[in-house]
Every structure is written in structure tokens, then in C-alpha cells.
Amino acid sequence: MSRRYEPSEIEPKWQQVWADEGIYEASEDPADPRPRFYALDMFPYPSGDLHMGHAEAFSGGDTIARYKTMQGFNVLHPIGWDAFGLPAENAAIKRGVPPAEWTRVNIEQQARSFQRMGMSFDWTRRLASCDPEYYRWTQWLFLRFFEKGLAYRKASPVNWCPNDQTVLANEQVIQGACERCGAMVERRNLTQWFFKITDYAQRLLDDIDTLDEWPERVLTMQRNWIGRSEGARVTFTIEETSEEIEVFTTRPDTLWGVTFFVFSVEHPAVERLAKLAGTWGEVEPLIERARLASMVDREAADTKEGVFLGVHAINPVNGEKVPVYAAPYVLMEYGTGAIMAVPAHDERDFAFARQHALPVRVVIQPPGGDPIDPDAMTEAMSHEGVMVNSGIFDGEHSPGSIAKVAAWLSEEGRGEATVSFRLRDWLLSRQRYWGAPIPIVHCPACGEVAVPDDELPVRLPDDADFQLGGDSPLARHPTWKHVACPSCGGDAVRDTDTMDTFVDSSWYLFRYCSPGYEDGPFRREDVDRWMPVGQYTGGVEHAILHLLYTRFFTKVLYDLGMVGFTEPFPKLMNQGQVIYDGASMSKSKGNIVEPMPLVQRWGADSMRLIMLFAGPFEDDIDWKLIAGEDPNRRPGVHSWLGRVFAAVADAVEREVGATEPESLRRLTHKTIKGVTEDLDRFRFNTAISKLQVLTNEMRAVLDAGDAALGAARALAQLLAPFAPYAAEELWRVGLGEAASVHTSSWPRHDRALVVEETVTMVFQVDGKLRDKAEVPADIDEDFALSLAHGSVKVAAAIGDREVVKQIVRAPKLVNLVTKG
RNA sequence: GCCCGGGUGCCGGAAUCGGUAGACGGAGGCGCCUUAAAAGCGCCGGCCCGAGAGGGCGUGUGGGUUCGAAUCCCACCCCGGGCACCA
């Protein structure tokens with residue numbers, strides 16, 4: 001082995017050897033006794049070459065996969081591409097390249113880069129969600145959902161991106177803007193396909209409690225997104241029409257404080273009631289304004305706009321008639337689209353009441369305080385208190401009384417306790433070309449008819465027109481949609497929408513278990529063998545979207561009897577983002593740093609080590625701070641690898657005659673233990689620092705003329721998950737091993753050698769460090785005290801004061817407390 | 001507004017069953033080796049006072065608990081992220 005570290009020479013060499021030896025292919029041999037481990041990285045989107053985010057995420061995921069292999073697991077570490085989606089189509093519009101072509105070129109580029117980075121993928125399982133043999137099964141799964149009533153079409157107000165010319169799921173709208181292009185989203189009333197994820201809201205929420213190895217923030221985000229609220233449904237009656245209207249409230253204890261009633265402007269009863277009462281002339285403009293306003297404008301408006309409908313609602317608890325309004329602040333999508341308004345105890349209702357000069361009636365009084373004067377109130381009173389003006393419930397303590405009131409409502413038939421969720425059904429149809437076509441035929445006679453399984457996939461046409469405007473590309477295609485109805489044979493048309501790409505990515509993890517399987521999306525026995533995923537790695541930006549959808553899919557697959565578990569990823573690891581100077585990297589800012597030039601210049605191992613050593617894996621990396629201003633400056637980790645090469649080479653030459661010092665053997669075993677523990681907790685940065693400490697100690701030992709071969713062997717192995725090329729060179733060439741370091745057994749520490757024989761004891765006087773001494777690890781208290789009292793520095797610090805207390809924590813410290 | 005994270009040297013970060021704060025690395029300075037460069041090796045490195053020995057201060061701010069607090073408790077400030085008229 002060259003003493004000199006030259007990644008440009010060793011990396012291509014080993015890349016070829018590994019490919020030839022096939023060492024990263026997961027074994028399906030039933031006789032293989034090793035336990036299985038599924039190491040999964042979120043599959044990348046193929047827009048251009050790999051970026052820094054990929055480099056960071058996959059460096060961590062690959063380190064885990066390699067570590068698990070060395071620990072004796074039969075590891076499945078697959079790769080594929082989330083290959084459908086808008087960017088391919090937008091590229092087609094912009095440059096005239098077909099989406100399939102653009103996607104294929106990018107996938108090939110990323111595949112080459114992954115190999116160059118030394119990722120230990122099992123390439124035999126590679127997939128792309130845009131391949132017909134993949135989306136065939138996406139469509140097949142859709143049909144199973146459809147049969148179960150979990151995929152359905154309905155007309156509703158939906159989010160429409162005017163720029164991308166398609167609808168978006170709720171989860172894809174960030175602060176009123178399209179998560180892809182940033183355009184302000186509009187509301188449109190359209191008929192669209194939905195997955196009934198709301199049927200699974202409670203299970204999705206309950207099972208969060210089993211995900212104790214997920215980052216807390218992700219669990220919190222999912223809980224908030226599902227947004228469970230306990231409360232009651234209460235039935236009000238419209239006086240003028242006698243129709244019953246339900247409302248949802250979390251505060252049934254405030255029912256006696258209702259002074260008005262409000263419909264969402266989108267509520268179907270509004271138009272009818274207004275016309276009946278002769279107020280349509282005032283109501284219609286409001287509805288028009290609300291409809292045209294963007295979501296953001298609607299939410300940002302601090303005015304409590306609203307119009308009196310001219311009708312009244314009867315409060316079921318006291319028979320009072322209150323005026324009925326229509327107002328944009330009430331959401332059609334949540335609860336029932338209508339609310340009972342209690343201005344005294346709800347902030348929003350309070351603001352509305354003040355604006356419209358409506359009465360405020362206090363029904364909860366602060367305990368022990370002065371009674372609240374409704375006219376003097378400047379804000380709603382929403383905290384706990386005692387119920388008043390509430391009939392038989394007067395004197396009950398709120399919020400404890402909520403359940404009692406709900407139970408009473410139920411008994412009286414005026415309402416019932418219920419639960420409401422913030423989660424909405426998943427809008428999955430898109431008016432775009434580059435996605436899996438929805439396998440449904442619309443027949444004038446038979447309605448929505450499933451495409452028979454044996455006719456899947458419903459293939460995308462190659463000759464679509466991608467230009468924006470008018471209908472979607474599939475709807476505009478002259479022939480594609482016209483088919484015979486699978487049921488009656490009559491003239492019918494295909495559904496011309498495609499599926500959200502998040503449908504594709506909700507089941508790819510299952511497909512990796514049964515690559516190329518032709519009788520279904522996957523074999524149950526394959527999935528049961530490999531799953532659930534042992535370690536899932538990816539960005540926190542998927543905290544809600546992808547992770548929630550995939551959890552939903554897994555539960556549906558479980559209910560269909562297709563898998564034997566209900567949570568796909570018991571362990572989740574989120575890498576931080578790679579940013580620049582405090583801001584995300586972007587083309588428009590011109591601050592993009594690419595990983596591949598770094599790999600070319602300094603080697604894949606240095607790129608990986610930079611990522612992993614920069615800080616905790618889950619923290620963001622600010623490239624400007626860790627790399628400095630000069631991108632051509634030699635990275636510190638590259639220098640370290642150089643020192644490792646020199647030290648290992650020296651250790652090999654030194655072999656004959658010299659002995660390895662006990663202290664180095666101890667440090668080696670301590671390092672094995674520490675690095676193992678760090679890897680188990682994804683603390684790559686501290687693991688690497690421990691390897692650096694070992695390297696430094698080896699250098700000192702070698703310079704003193706002693707041997708360090710044991711340390712060198714351990715170092716090569718411990719380095720393998722982080723810097724696979726350098727470790728392989730050290731192992732096979734430097735240390736003369738025949739087989740790959742990556743299939744060698746992870747070293748074990750010798751317990752006897754990690755127990756410290758001596759430790760540094762510190763002597764404090766009044767909590768301040770005054771002296772220290774090397775002492776045996778099993779020192780007793782008396783001896784420790786005598787050492788403390790024997791210290792000249794301690795004596796000087798005590799002076800003529802009296803020692804009133806002696807704290808002894810053998811063998812770590814003695815603290816003498818003085819007085820006077 | 002509500003809910004999560006997080007504030008430690010010039011910088012990335014170590015150390016959280018309370019017990020030597022600043023491991024490891026970067027940037028910087030000095031030196032060795034070399035004709036020279038590269039590569040490699042060694043030393044210094046929180047702030048203040050002091051020639052030095054040494055002393056004082058120091059983990060966002062202010063209190064508290066404790067022999068002892070980066071770590072625990074209370075209040076506050078700042079930064080990042082998520083949600084946001086969810087009844």
C-alpha cells in the first residue's frame with residue numbers, strides 16, 4: 001500500500017471490485033442464518049444530478065447499512081427513483097424533451113453518482129415509479145382502494161394552483177401557496193378523486209404512540225396535522241324552515257351563551273335560506289368575494305366579515321332564537337360547516353359580535369373573582385371557571401363539566417359527544433400528464449368502472465401535447481381516452497387525471513422486497529421477511545406528507561390482508577439540511593454547492609466524512625461555516641485520512657520485534673466500544689472524533705518506536721462504514737486481508753480492557769477545582785480524603801478556615817466545604 | 001397566537017443518572033523535515049489581570065435548589081421549524 005493517501009487511485013479501483021464481487025446484494029437464500037435488516041433511504045427525485053441534501057442523507061443511511069452488514073446482518077439496502085411528477089413535465093414544456101427521456105437521463109446520472117460515492121446499494125432491485133411495470137401496480141393498488149370505498153370522487157372546494165394548472169392536496173399547500181412553485185393557491189369547486197384517509201385518522205393518531213424511535217418533532221407534527229378534537233355535535237333548528245342543522249363544538253358547556261349562529265359561506269343551505277328570507281341580494285356579493293379571494297387573503301383578513309341571512313336558529317338547550325349569519329371565517333371543511341357562536345368565550349366569535357353589535361352573554365365566571373361585565377370585556381374569556389346562566393348546570397366547574405353536558409345532550413336527544421379531526425381526505429388526482437393514469441373508465445350507462453386488472457397498466461401515451469392551457473394533456477389527446485366500457489362494451493372515456501406522486505411513493509418500500517414480481521405489487525412472504533423497515537432515513541420535509549401517507553397505505557394493506565404489520569417504519573432518522581450562510585441553497589440565490597465536484601477533487605470518502613463529521617446528523621449543516629470561503633482548500637477529514645494511511649503503513653512496517661503498549665490496546669478497545677455505541681445512536685460526528693483520537697495515539701506510539709498493528713486493524717474496520725474506500729485499501733492492501741473489510745466482522749471490545757485502572761481525581765475546595773491526582777479506579781473514600789488533605793494546593797486554598805463538610809465521590813472527586 | 005426544537009471559544013461542535021467546561025476538527029500563530037513545494041510531524045490556542053507563579057471571570061439574561069449547575073426548577077430574551085379563523 002502506498003503510504004500516501006490518493007483517493008483518485010483507490011476509489012475507482014474498489015468500486016469496480018465491489019461490483020464484480022456483488023458484496024452488497026441482499027441474500028434471499030433460505031439457508032442464510034443471518035438476521036435480516038432493511039436499511040431504507042427515501043428514494044430520490046431525479047431532477048438533475050445529486051445535490052448536497054442527497055449527499056448528506058445517503059452518507060448517513062449508507063453508514064448504517066454497512067455497519068449492520070459488518071455486525072452480521074443480512075442487509076437489504078435498495079435504491080430507486082420517485083420518477084413521476086411535475087418537474088419532468090415542466091422540463092418537457094420548456095425544452096421540448098419528452099418527460100420520460102428527461103427522467104431517464106437524470107436517473108442514469110444519479111445512479112453513476114451514487115456508485116461513485118460508494119453507496120452500498122443492491123442494484124439488482126433498482127426501480128423507478130414511472131416504469132410501466134411499476135405503475136401497473138400503483139394502479140392495481142388504487143383499484144383495491146376503489147373496491148373498498150377508500151378511493152372515491154366528489155365535488156368539493158379544492159386547492160388549485162394556477163401556475164401548475166392542477167389541484168393540490170391539502171398537505172401540498174404551504175401558507176396558502178403551492179409547495180412546488182410558490183404560486184398563490186385558488187379555491188375551486190371541482191370533482192376530484194380522494195383517498196379516504198379520514199377513516200384512518202384515529203388509528204394513525206393512536207399508533208403514533210408506538211413510534212418511540214421517531215424524532216419527537218415529527219410525531220408532534222403528525223399529531224397536529226391529524227388534529228383530534230373532542231366535543232359534541234348539537235342539533236339546532238332553523239325556525240323559518242324547521243330544518244335541523246348540526247354544529248360541532250368543543251365547548252358544549254358554553255351552549256347557554258350562544259347569541260348567534262354562523263354558516264360557512266360555502267354551506268349549501270346558505271343560498272336557499274337567503275333566497276327564502278329575501279336577503280340574497282346582500283348575501284351573494286359576500287359569497288362571490290370569498291370565493292374569489294385567495295386562501296391567504298381570506299385567512300389574513302382580520303375583519304370579521306359576515307351577513308345576516310334573515311333567518312333564526314333555535315338553541316336546543318333553552319329554546320332561544322338567535323340570528324343566523326353567513327361568514328367566511330367559518331370553514332366548510334371542518335366540523336359541519338356551521339357553528340354556534342359564543343362570543344363571551346370564543347375569541348373569533350367575540351370579534352364578530354363586536355363588529356356586528358351582537359349581544360355577549362357570559363356563562364362561565366372566573367372562580368372566586370368578580371362577575372364579568374359583558375359590556376366591559378375586551379377579549380373572550382376562554383379559560384376555566386364556573387358555569388352560570390346555564391339552567392341545571394349552574395355551579396358546575398368548567399372544563400370538567402364538558403363531558404357532563406355532552407352526556408346530558410345525548411340523553412335528551414339534542415346532540416351527542418363526538419370527535420372531530422382536522423385531517424381531510426387525501427386529494428390524489430392531478431390534471432397533469434407525468435403520473436400514473438387513474439385506471440377508471442367513465443361510462444354513460446355504468447358510471448365509474450374499474451379497468452380490469454389484466455388490462456393494467458393503463459399506459460401513458462407517448463405523443464401527448466404538454467403545453468399548458470385548456471384541458472390537461474391526457475384530456476386533450478385526440479384518441480387516448482376513448483375506450484369501450486369494460487362492463488357494457490359501450491362508448492366510454494378514460495379518467496384523464498393522473499395520480500399524485502405521493503401515491504407512487506407510498507408503496508415503493510414494499511416493492512423492493514419482491515423485485516420484478518409479476519403477479520402482484522409484492523409477495524406477502526417477501527414483505528413479511530424483510531419488513532417493517534429497520535431504519536428509514538430521509539428529510540424532515542416529509543414529516544407529514546410522505547410519512548403520513550405511507551403509514552395510511554400500510555394500514556390499508558394490513559386490512560386487505562396483504563401485510564402483517566401496521567407501521568412501516570418503526571425507526572426514523574431525519575438528516576438536517578445542507579444550507580449556505582443561513583439560507584437554503586437555490587439557483588436564484590446562486591449559492592448552490594454540488595457534491596460531485598467535491599467527490600472528484602477530494603474523493604467520495606472525504607465528502608462522506610465532511611457530512612458526517614460536521615455535527616449531529618439531524619442538525620442542519622451550514623456549508624459556509626464548515627467549509628470556509630475557499631472551496632479548493634483541503635478538507636480537514638482528508639488530512640486525517642492522510643494521517644491514517646501513514647500511521648497504518650508505519651504500523652505494518654513496525655511489526656517485527658516491537659510490542660504494542662498496553663495503553664494503546666486499552667484505547668483501541670475503548671474506541672471499539674465507543675464507536676459502536678455512537679453508531680447505534682447515529683452519532684456519527686462523535687464516532688469519527690473517537691477514531692481521530694485513536695489515530696493520534698497511534699502516531700505517538702509509533703513515533704516512540706512501539707508497535708500499533710492491533711490498533712491499525714481495528715481502525716481500518718471501524719472506519720469502514722464511514723469511509724468505505726479508504727478502509728478497504730487499508731484492509732486489503734495495507735493489512736493484506738483477502739476479503740473485503742465490508743464483509744468482515746465488526747470488532748468486539750474486550751471488557752477487561754475498557755475498565756479504567758486509574759482515573760483522574762479532582763480535589764475541590766468550596767466547589768472550586770484546586771488540585772488533581774491520578775488514583776486507582778477502586779480507591780476507597782478514606783484514601784481519597786487523605787490524598788485531598790495531603791495536597792499542598794488544597795491546604796493553601798483552605799487557609800485558616802475550618803472544613804465543615806467533606807463530599808467524597810470516589811474515584812472522581814473530593815470536595816471540602818469550609819466556613820469562616 | 002399555539003406547539004416543537006435550540007442558544008457553549010474566532011468557527012463546526014464535545015461534555016447532560018449534576019462532579020476537571022471547551023474532546024475532536026476548522027481557521028490562525030510558531031517550529032521541525034525539505035534545495036523548494038506538496039505530503040508528513042510537533043507545539044500554542046475561552047476572556048481578563050499578572051513578567052511569572054498564580055488568581056479572577058466564563059455555557060443567552062435574571063433568580064432559585066445544591067457542597068457542587070452547561071446539565072435540575074421558575075421567570076424572561078433571542079434564533080430555527082411546524083401549525084394557524086380547526087369552533
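So you know, we letter chains A, B, ... as the sequences are listed, proteins then strands, and number each from 1. Quantities reported herein were computed from a predicted structural model and do not represent experimental measurements.
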Closer to the 5' end of RNA chain B via nearest nucleotide, is it A:I339 or A:L813? A:L813
Using the C1' atom as the reference point in each nucleotide, state the distance between B:C78 and B:U59 in Å, no decimals. 16 Å
Mate of B:G5 where both pairing distances stay under 3.5 Å, Watson-Crick or G-U: B:C79
Distance between C1' atoms of B:C17 and B:G63 (Å, rounded): 26 Å
Please classify B:G80 as syn or anti, treating any glycosidic angle within 90° of 0 as syn. anti
NZ/NE/NH1/NH2 to OD/OE distance under 4.0 Å, A:R251 and A:D346: no
Taking atom P in both B:U61 and B:C67, compute the distance separating them and give it to the nearest angstrom. 24 Å
Pair partner, B:G62 [Watson-Crick or wobble, under 3.5 Å]: B:C74
Ignoring hydrogens and angles, does a donor from either the side chain of A:R809 or the base of B:G19 sit under 3.5 Å from an acceptor on the other? yes
Heavy-atom pair with the smallest gap, counting every atom of A:I610 and A:V637: CG1-CG2, 3.6 Å
Separation between the P atoms of B:C73 and B:G6, rounded to whole Å: 13 Å
Classify the nucleic acid contact of A:N696 as base, sugar-phosphate or nothing, counting any heavy atom under 4.0 Å across all strands shown. sugar-phosphate
Closest listed nucleotide, where the reference is the side chain of A:T760 and the choices are B:C3, B:U20, B:G12: B:U20
If you only use heavy atoms from C-beta on, which nucleotide in B:A14, B:C4, B:G19 is closest to the side chain of A:N685? B:A14
Taking only the side-chain nitrogens and oxygens of A:K772, find out if one of them lies under 4.0 Å from OP1 or OP2 of B:U20. no
With nearest nucleotides of RNA chain B determined for A:V817 and A:V693 from heavy-atom distances, which residue corresponds to the more 5′ nucleotide? A:V693
B:C79 and B:C74, which share atom name P, separated by this distance in whole Å: 23 Å
If you draw a 6.0 Å radius around CD in A:E379, do more than 12 non-hydrogen atoms from other residues or ligands fall strictly inside? no
Considering just the side-chain nitrogens and oxygens of A:R634, establish if one lies under 4.0 Å of OP1 or OP2 belonging to B:G26. no
Atom-to-atom span, CD of A:E677 to P of B:U16 - whole angstrom: 12 Å
Base, sugar-phosphate or nothing for A:Q806? Non-hydrogen atoms, less than 4.0 Å. nothing
Identity of whatever pairs with B:G42 - Watson-Crick or G-U, under 3.5 angstrom: B:C30
Interatomic distance where CH2 belongs to A:W623 and P belongs to B:C11 [whole Å]: 20 Å
Have a look at A:P635 and say if it touches a base, only the backbone sugar-phosphate, or nothing, with a 4.0 Å heavy-atom cut-off. nothing
Expressed in angstrom and rounded to an integer, what is the separation of A:I226 atom CD1 from B:C4 atom C1'? 16 Å
Using atom C1' in both nucleotides, what's the gap between B:G12 and B:C48 to the nearest angstrom? 26 Å
Could you tell me how far apart A:I688 (CD1) and B:G26 (C1') are, to the nearest whole angstrom? 14 Å
Checking all strands, does A:R223 fall into the base, sugar-phosphate, or nothing category for heavy-atom contacts under 4.0 angstrom? nothing
Does B:G13 have OP1 or OP2 under 4.0 Å away from a side-chain N or O of A:S689? no
Nearest-neighbour nucleotide for the A:E216 side chain, B:A14, B:G40, B:G5 considered: B:G5
Side chain of A:N815 - closest among B:G68, B:C57, B:A87: B:G68
Should the pair A:F617 and A:F684 be assigned to parallel (<30°), tilted (30 to 60°) or perpendicular (>60°) ring geometry? perpendicular
Considering only side-chain heavy atoms of A:R4, which listed nucleotide, B:G25, B:A38, B:C3, is closest? B:A38
Given B:G25, is OP1 or OP2 found less than 4.0 Å from the side-chain N or O atoms of A:R633? no
Between A:H356 and A:F260, is the ring centroid distance below 6.0 Å? no
Short N-O contact, A:D650 and A:R699, less than 4.0 angstrom: yes
In plain terms, say whether A:E677 and A:R681 are close enough for a salt bridge, that is, a side-chain N and a carboxylate O under 4.0 Å apart. no
Using a cut-off of 4.0 Å on non-hydrogen atoms, how would the nucleic acid contact of A:K690 be classed: base, sugar-phosphate, or nothing? nothing
Out of B:A38, B:A87, B:G12, which nucleotide sits closest to the side chain of A:T250? B:A87
Look at all strands and tell whether A:S639 reaches a base, only sugar-phosphate, or nothing, counting heavy atoms closer than 4.0 Å. sugar-phosphate
So with a 6.0 Å cut-off around CD of A:E347, is the heavy-atom count from everything else above 12? no
Take atom C1' in B:C72 and the same atom in B:U66, then report the distance between them in whole Å. 10 Å
Taking B:C3, B:G19, B:C41 as options, the one with an atom nearest any side-chain atom of A:T220 is B:C3
Within the pair A:R770 and B:G68, is there a side-chain N or O less than 4.0 Å away from OP1 or OP2? no
How close or far is atom P of B:G25 from atom CZ of A:F613, stated in whole angstroms? 7 Å
When the distance from CH2 of A:W640 to C1' of B:G25 is rounded to whole Å, what number comes out? 11 Å
Of the listed B:C41, B:G12, B:A87, the closest approach to the A:Y334 side chain comes from B:A87
Nearest to side-chain heavy atoms of A:L625, which nucleotide of B:C83, B:G12, B:G40: B:G12
When the P atoms of B:G58 and B:C47 are considered, how many whole Å apart are they? 16 Å
With a 4.0 Å cut-off, would you call A:D209 and A:R223 a salt bridge? yes
Looking across every strand, which nucleic acid part, if any, lies under 4.0 Å from A:G227 by heavy atom: base, sugar-phosphate, or nothing? nothing
Hey, does the side chain of A:R683 come within less than 4.0 Å of B:A23's phosphate (OP1/OP2), counting only N and O? no
Out of B:A87, B:G19, B:U20, which has the shortest distance to the side chain of A:L769? B:U20
Here the distance between atom C1' of B:G80 and atom CG of A:D622, to the nearest Å, is 12 Å
Would you kindly give the CD1-to-C1' distance between A:I544 and B:C4, to the nearest whole Å? 12 Å
